[in-house]
Colleague: 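Before anything else, here's the structure in question.
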Amino acid sequence: SGPEYYVEDVSFNGNYIFNDSIITSQIKFNSGDTFNGMQFDISNMNLSNLYRDKGYLFSQINPSIIPISDNLLNINFEINEKSIVSVNRVIIKGNETTKEHVIRRDIDIMPGQIFSQSAIMESYRKLFMLNFFETVIPDIIPIEGKNEVDVVFDVQEKGSGQLNFSAGYSGLLGFTGGGGFSFPNFLGTGQSLSFNYQRGISNQQSSIPINNSDAMANQQFSMSYVEPRLFNTHNLVGFSANYQERGQSNFQPFDSRILGVGVRFGRRFHWPDRFFKGSWILNGSQREFFSNNIDDLISYYSNSIEDYIEYKNDQYIFPTSGLKIVQNISRDNRDHPEFPTKGSQFNWNFTLSGSFLGGNEDYLKNEIGFKWYNEVVDKLVIHQNFKTGVLHPIESSGRSIVPYSARFRMGGALPYGEMLRGYGDNMIGPIGASYPKGGNIMLKYSFELRYLVSENPNMYILYFAEAGNVWDEINIVDPFNLRRSMGVGVRIMMPML
């Protein structure tokens with residue numbers, strides 16, 4: 001290695017738009033620092049972006065390094081600011097299915113406005129995050145003889161719909177199969193439409209009354225529709241419905257039948273910053289739990305439900321109904337929907353079920369989650385995920401009904417609750433006589449080191465380490481007593497058709 005050089009002085013010439021203090025704030029070194037080539041390049045880029053964000057697209061930053069002794073350097077930035085530039089046209093190219101207004105409403109720069117580098121890059125990020133496009137390429141075309149440019153966004157679309165079929169076997173549900181379709185960009189309008197149906201044969205006999213020789217022990221149906229930008233505003237509306245029948249297994253000690261519908265409203269916020277969104281869901285459900293043995297129902301829900309259990313057709317039936325409001329506040333500034341290399345996600349879900357809303361499923365539930373993405377080197381990314389939650393039953397009429405699906409569950413690679421690889425499905429946390437009961441408090445942290453193998457289809461390999469647990473009561477929570485696992489894996493995301 002050669003001798004070290006030190007910065008004696010930093011100076012600027014030709015800056016009239018920004019004073020020396022603003023220019024200095026963009027420089028990554030000071031007088032007396034050891035000279036660093038990377039910091040020098042970053043400083044040069046910062047100055048260029050500073051001018052481009054204010055419309056001085058063609059400004060020129062000419063740095064020079066002047067030796068004044070064997071190990072001392074003077075650094076001078078000669079700045080030619082030139083004239084301010086405005087936008088003539090914003091051109092969309094490559095969209096064959098997606099309507100042009102769906103793209104334009106997520107572009108932050110308009111004809112006639114002063115050029116802004118940050119507005120171009122934020123538009124690029126927002127278009128990518130729609131997840132409608134394989135590539136988004138912004139371009140700038142100068143107009144000869146004028147201080148104007150055309151801004152071009154050239155997009156390459158993904159498949160507009162996905163069709164899926166599946167068949168398999170699990171320890172919880174036995175043999176299962178089904179299919180469905182989803183249109184994340186329905187008819188190119190940006191709306192989302194999905195439908196899914198699954199049927200299966202449980203490992204154990206079911207006592208659901210409709211279960212007979214031509215009906216399966218497990219089946220579920222769901223559909224949803226979302227309009228994310230109602231009348232091209234920042235308002236979201238949506239609708240969902242689901243129906244489920246499930247026979248008893250080691251997943252639950254009784255059979256169940258559930259019907260639910262929900263409506264959703266949402267809004268993008270401008271405060272605390274433009275990355276925040278909120279949504280509110282009003283959901284109603286009816287549930288029936290069946291068993292040949294009344295003790296199976298009481299052992300899970302407690303003695304408080306005994307007076308509400310009905311006996312019909314040689315079956316003990318416990319019916320419940322619920323009406324709940326779910327509020328979600330989120331912030332998302334990731335740079336890519338499938339393989340983020342920087343940015344973060346924040347989610348806060350608050351659920352109020354029952355109480356003054358009606359029904360007999362009464363509880364409060366809070367969930368908070370954070371995700372971070374940091375690029376180590378090109379294609380190598382660290383992903384961290386922290387999540388915690390608390391559920392509090394509300395006593396109502398001497399009883400407090402909390403459905404099994406509302407409680408926190410953890411364990412398995414593809415569970416119905418929180419993933420914790422290396423353990424049985426939903427087997428972490430409170431256990432009943434022979435089945436997982438779910439808990440009221442949850443804590444989880446996971447770390448993944450991801451390496452991108454292919455962009456299209458999106459595929460990456462990963463190393464993971466994670467820890468978590470679920471508890472029933474706050475006084476037994478021990479953040480140092482967590483179930484832990486580590487391993488390697490591969491993820492691939494691609495349209496099925």
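Side chains are part of it too, since the values below use all heavy atoms of this structure and drop only hydrogens, waters and symmetry mates. Every value quoted in this text rests on a predicted model; they were computed, and no experiment measured them.
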Colleague: Working to the nearest 0.5 Å, report the span between CZ of Phe370 and CH2 of Trp348.
Modeller: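 Rounded to the nearest 0.5 Å, the CZ-CH2 separation comes to 11.5 Å.
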Colleague: Parallel, tilted or perpendicular for Tyr463 and Phe447, by the 30°/60° rule?
Modeller: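 The rings of Tyr463 and Phe447 stand perpendicular, inter-plane angle above 60°.
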Colleague: Could you walk me through whether Phe339 and Glu455 satisfy the side chain to side chain contact (heavy atoms under 4.5 Å, CB included) test, starting with their C-alpha distance in whole Å, then the side-chain angles of each, then the deciding distance to 0.1 Å, before giving a yes or no?
Modeller: CA-CA 8 Å; Phe339 190 81; Glu455 292 186 1; over 6 Å; no
Colleague: Considering non-hydrogen atoms only, spot the tightest contact between Phe276 and Ile329 and give its length.
Modeller: CD2-CG2, 4.2 Å
Colleague: Look only at the side chain of Asp296 and the backbone of Phe254, and say whether a donor-acceptor pair between them is shorter than 3.5 Å.
Modeller: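 Not a single qualifying donor-acceptor pair exists.
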Colleague: I want to check something: taking the side chain as every heavy atom from C-beta on, are Tyr308 and Ile401 in contact at a cut-off of under 4.5 Å?
Modeller: no
Colleague: Answer with yes or no after comparing the ring centroid distance for Phe386 and Tyr445 against a 6.0 Å cut-off, counting only values under it.
Modeller: no
Colleague: For a side chain to side chain donor-acceptor pair (under 3.5 Å) with Arg257, tell me which candidate from Glu288, Glu245, Gln244 qualifies.
Modeller: Glu288
Colleague: Looking at every non-hydrogen atom in both residues, tell me the closest pair between Leu357 and Lys324 and how far apart they are.
Modeller: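 Here Leu357 and Lys324 meet closest at CD1-CA, 4.0 Å.
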Colleague: Does the Asp332 side chain pair with the main chain of Arg334, one donor and one acceptor, at a distance under 3.5 Å?
Modeller: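 Yes, the answer is positive, given that a donor and an acceptor are paired below the 3.5 Å cut-off.
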Colleague: Could you go through Gln315 and Asp255, starting from their C-alpha distance and side-chain angles, then the distance that decides it, and tell me whether this counts as side chain to side chain contact (heavy atoms under 4.5 Å, CB included)?
Modeller: CA-CA 11 Å; Gln315 301 290 321; Asp255 305 329; 5.6 Å; no
Colleague: Less than 4.5 Å apart, any side-chain heavy atom of Thr351 and any of Tyr363?
Modeller: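 Sidechains of Tyr363 and Thr351: in contact.
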Colleague: Under 3.5 Å, is there a donor-acceptor pair between the side chain of Asn283 and the main chain of Leu323?
Modeller: no
Colleague: State, with a plain yes or no, whether a side-chain heavy atom of Trp471 is found less than 4.5 Å away from one of Leu443.
Modeller: yes
Colleague: Nearest 0.5 Å, please: how far is NE2 in His234 from CZ in Phe269?
Modeller: 12.5 Å
Colleague: State whether the side chain of Asn333 and the backbone N or O of Ser344 hold a donor-acceptor pair below 3.5 Å, judged by distance alone.
Modeller: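 Such a contact is found between Asn333 side chain and Ser344 backbone.
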Colleague: Taking atom CD of Glu306 as the centre, report whether more than 12 heavy atoms of other residues, nucleotides or ligands fall under 6.0 Å from it.
Modeller: no
Colleague: Answer yes or no: is there a side-chain heavy-atom contact under 4.5 Å between Asn458 and Leu452?
Modeller: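 Side chain of Asn458 against side chain of Leu452, heavy atoms only: contact under 4.5 Å found.
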Colleague: Between Asn46 and Gln26, which heavy-atom pair has the shortest distance, and what is it?
Modeller: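 Asn46 and Gln26 have their closest heavy atoms at ND2-O, 3.3 Å.
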Colleague: Indicate yes or no for a side-chain donor-acceptor contact from Asn360 to the backbone of Ser321 under 3.5 Å, with no hydrogens or angles considered.
Modeller: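 Pair found, side chain donor or acceptor close to backbone of Ser321.
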Colleague: Find the distance between CZ (Phe346) and CZ (Phe275) and round it off to the nearest 0.5 Å.
Modeller: 15.5 Å
Colleague: Drop me the distance from Leu236's CG to Glu227's CD, to the nearest 0.5 angstrom.
Modeller: 7.5 Å
Colleague: If you count every heavy atom of other residues, nucleotides or ligands that lies below 6.0 Å from Gln384 atom CD, does the total exceed 12?
Modeller: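 For Gln384, atom CD is crowded (more than 12 foreign heavy atoms under 6.0 Å).
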Colleague: For Lys28, does its backbone N or O pair with a side-chain atom of Ser43 as donor and acceptor, under 3.5 Å?
Modeller: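 Pair found, side chain donor or acceptor close to backbone of Lys28.
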Colleague: Using a strict 4.0 Å threshold on nitrogen-to-oxygen distance, state whether Lys126 and Asp108 make a salt bridge.
Modeller: yes
Colleague: Would Phe221 and Tyr197 count as a ring pair (Phe, Tyr, Trp, His ring centres under 6.0 Å) here? Give the steps.
Modeller: CA-CA 4 Å; Phe221 155 86; Tyr197 179 71; 7.3 Å; no
Colleague: Name the residue from Lys387, Arg407, Arg409 that meets the salt bridge (Lys or Arg N to Asp or Glu O under 4.0 Å) definition with Glu418.
Modeller: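 Option passing the salt bridge (Lys or Arg N to Asp or Glu O under 4.0 Å) with Glu418: Lys387.
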Colleague: Out of Asn385, Leu462, Ile382, which one pairs with Glu448 under the side chain to side chain contact (heavy atoms under 4.5 Å, CB included) rule?
Modeller: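 Considering Asn385, Leu462, Ile382, a side chain to side chain contact (heavy atoms under 4.5 Å, CB included) with Glu448 is found only for Leu462.
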Colleague: For this output row, return yes or no: ring centroids of Tyr316 and Phe289 closer than 6.0 angstrom.
Modeller: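 Judged by ring-centre distance (under 6.0 Å), Tyr316 and Phe289 do not meet the cut-off.
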Colleague: Taking the side chain as every heavy atom from C-beta outward, state whether Ile309 and Ile298 have any atom pair closer than 4.5 Å.
Modeller: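 The answer is yes, as the side chains (C-beta and beyond) meet within the 4.5 Å cut-off.
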Colleague: Is the backbone N or O of Arg421 less than 3.5 Å from a side-chain atom of Ser485, with the two atoms forming a donor-acceptor pair by type?
Modeller: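 Pair found, side chain donor or acceptor close to backbone of Arg421.
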Colleague: How many angstroms lie between atom CG of Asn30 and atom CD of Gln39, to the nearest 0.5 angstrom?
Modeller: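 Going from the CG atom of Asn30 to the CD atom of Gln39 covers 9.5 Å.
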Colleague: Taking all heavy atoms of Val102 and all of Phe132, pick out the closest pair and write down the distance.
Modeller: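 Reported closest heavy-atom pair: CG1-CE1, 4.2 Å.
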Colleague: Give a yes-or-no answer on whether the side chains of Glu361 and Thr320 include a donor-acceptor pair shorter than 3.5 Å.
Modeller: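 Note: Glu361 and Thr320 side chains meet the donor-acceptor criterion.
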Colleague: Determine yes or no for a side-chain-to-main-chain donor-acceptor pair under 3.5 angstrom, with Asn185 supplying the side chain and Gly190 the backbone.
Modeller: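 Yes, Asn185 side chain to Gly190 backbone: donor-acceptor pair under 3.5 Å.
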Colleague: With heavy-atom distances below 4.5 Å as the criterion, would you say the side chains of Phe29 and Asn36 are in contact?
Modeller: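 Of all side-chain heavy-atom pairs linking Asn36 with Phe29, none is under 4.5 Å.
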Colleague: With a 3.5 Å cut-off and no angle check, do the side chains of Asn349 and Lys365 form a donor-acceptor pair?
Modeller: no
Colleague: Hey, are Gln345 and Tyr373 close enough side-chain-wise for a donor-acceptor pair under 3.5 Å?
Modeller: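 Side-chain D/A pair, Tyr373 to Gln345: present.
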Colleague: Checking Arg484 side chain against Leu482 main chain: does a donor-acceptor pair fall under 3.5 Å?
Modeller: yes
Colleague: Roughly how far, to the nearest 0.5 Å, is CG of Asn347 from CG of Asn328?
Modeller: 5.0 Å
Colleague: Quick one, Met419 with Lys444, criterion side chain to side chain contact (heavy atoms under 4.5 Å, CB included). Give me CA distance, side-chain angles, the key distance, then yes/no.
Modeller: CA-CA 9 Å; Met419 178 171 66; Lys444 178 190 170 184; 4.1 Å; yes
Colleague: Closest heavy-atom contact between Gly180 and Asn196?
Modeller: CA-OD1, 3.8 Å
Colleague: If you look at every heavy atom in Ile120 and Pro138, which pair is closest and at what distance?
Modeller: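 Scanning both residues, the minimum pair turns out to be CG2-CB, 4.0 Å.
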Colleague: Go through it in stages, so that I can follow the logic: the residues are Arg274 and Arg268, the test is side chain to side chain contact (heavy atoms under 4.5 Å, CB included), and I'd like the CA-CA distance, side-chain angles, deciding distance and then a yes or no.
Modeller: CA-CA 8 Å; Arg274 65 183 183 276; Arg268 183 181 295 176; 5.9 Å; no
Colleague: Between Asn242 and Ser240, is any pair of side-chain heavy atoms under 4.5 Å apart?
Modeller: no
Colleague: So do Asn469 and Ile428 actually touch side chain to side chain, heavy atoms under 4.5 Å?
Modeller: yes
Colleague: Under the 3.5 angstrom rule, does the side chain of Thr388 hit a backbone N or O of Met442 as a donor-acceptor pair?
Modeller: yes
Colleague: Counting only heavy atoms not in Arg491 (residues, nucleotides, ligands), do more than 12 fall under 6.0 Å from its CZ?
Modeller: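 Result for CZ/Arg491: enclosed.
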